[in-house]
Amino acid sequence: MKCKRLHTIVEELILTAAVDMVNIMVGESAERLFSKMPLPNNTISRRIQHMAEDLNNQLSGKMKGKEFRLQLDEATDSNKDCHLICYTRFVDGDKTVEDLFYKSITWVTKAQDLSRILDTYV
């Protein structure tokens, strides 16, 4: 089965399995309480978004005040969504760090728009 929203399928499978485990280990009364627990479809996607934002913040924090190199690429994913992907390389202590960050682009872009996105991030 193909699905572009894998995290929602995982949530549904995990919740079902967790309810079964609670029933086996604790009993039916605990199962009824556990199955009433709300689990919105966007819980995992929201957590993934928070982790991505945290990683971006960590990377930009490490880059501040340092010389770095950037390589930019504009890419389109399978949903036809456009992204600006920035590969960066900088020295952190005694090691060279290579990493990337991206920003979704929701409008028609020109070079100056991409430059503004990059300026805002960096």
Side-chain angles (χ1 to χ4, degrees):
M1 178 171 85
K2 289 186 176 184
C3 182
K4 294 181 181 180
R5 307 204 77 201
L6 181 62
H7 52 84
T8 59
I9 291 173
V10 171
E11 283 180 328
E12 292 167 7
L13 290 174
I14 289 175
L15 182 59
T16 304
V19 168
D20 289 344
M21 287 186 289
V22 167
N23 182 19
I24 292 168
M25 296 174 70
V26 183
E28 287 185 26
S29 61
E31 176 192 0
R32 283 191 295 271
L33 289 173
F34 197 80
S35 63
K36 291 179 184 177
M37 181 176 61
L39 186 61
N41 282 340
N42 62 353
T43 299
I44 289 181
S45 62
R46 188 178 64 247
R47 289 180 182 165
I48 290 170
Q49 183 64 33
H50 287 304
M51 287 189 295
E53 289 171 5
D54 182 53
L55 288 173
N56 271 340
N57 291 338
Q58 289 181 37
L59 177 61
S60 65
K62 285 183 178 184
M63 290 171 54
K64 286 189 190 300
K66 295 184 175 130
E67 292 185 8
F68 55 88
R69 295 178 189 260
L70 287 175
Q71 178 180 347
L72 307 176
D73 188 20
E74 190 177 1
T76 306
D77 63 16
S78 61
N79 291 333
K80 306 286 187 215
D81 296 328
C82 192
H83 304 280
L84 173 64
I85 302 173
C86 302
Y87 302 92
T88 182
R89 180 183 290 171
F90 60 96
V91 176
D92 186 25
D94 59 345
K95 61 181 178 179
T96 301
V97 177
E98 293 181 2
D99 213 328
L100 67 94
F101 59 92
Y102 85 96
K103 183 73 174 169
S104 294
I105 302 170
T106 56
W107 62 89
V108 177
T109 57
K110 299 177 185 171
Q112 63 192 139
D113 296 327
L114 297 177
S115 177
R116 192 172 329 133
I117 290 171
L118 186 60
D119 286 344
T120 302
Y121 184 82
V122 177

In a table with atom names and distances, give each donor-acceptor pair under 3.5 Å that connects a side chain of residues 17-31 to protein atoms at least two apart or in another chain.
residue	atom	partner	partner atom	Å
Asn23	ND2	Glu31	OE1	3.1

All N/O donor-acceptor pairs, side-chain side in residues 92-100, below 3.5 Å, sequence neighbours left out:
residue	atom	partner	partner atom	Å
Asp92	OD1	Lys66	NZ	3.1
Glu98	OE2	Arg89	NE	3.0
Glu98	OE2	Arg89	NH2	2.6

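For the atom pair CZ (Phe101) and CG (Leu84), the distance works out to 7.5 Å, reported to the nearest 0.5 Å. In this structure, Glu74 CD and Cys86 SG are separated by 10.5 Å, a value rounded to the nearest 0.5 Å. Separation of atoms NZ (Lys64) and CG (Leu59) is listed at 10.5 Å; rounding is to 0.5 Å.
For Asp54, the side-chain contact (heavy atoms from CB on, under 4.5 Å) partners two or more places apart in sequence, or in a different chain, are Gln58. For the side-chain hydrogen bond (donor to acceptor under 3.5 Å, both in side chains) test, residues two or more places apart in sequence or in another chain that qualify with Glu53 are Gln49.
The two residues Phe90 and Glu67 come nearest to each other via the heavy atoms CB-O, 3.5 Å.
Under the 4.5 Å side-chain heavy-atom criterion for grouping Ile, Leu, Val, Met, Phe, Trp and Tyr, Leu72 is connected to Met63 within one hydrophobic cluster.
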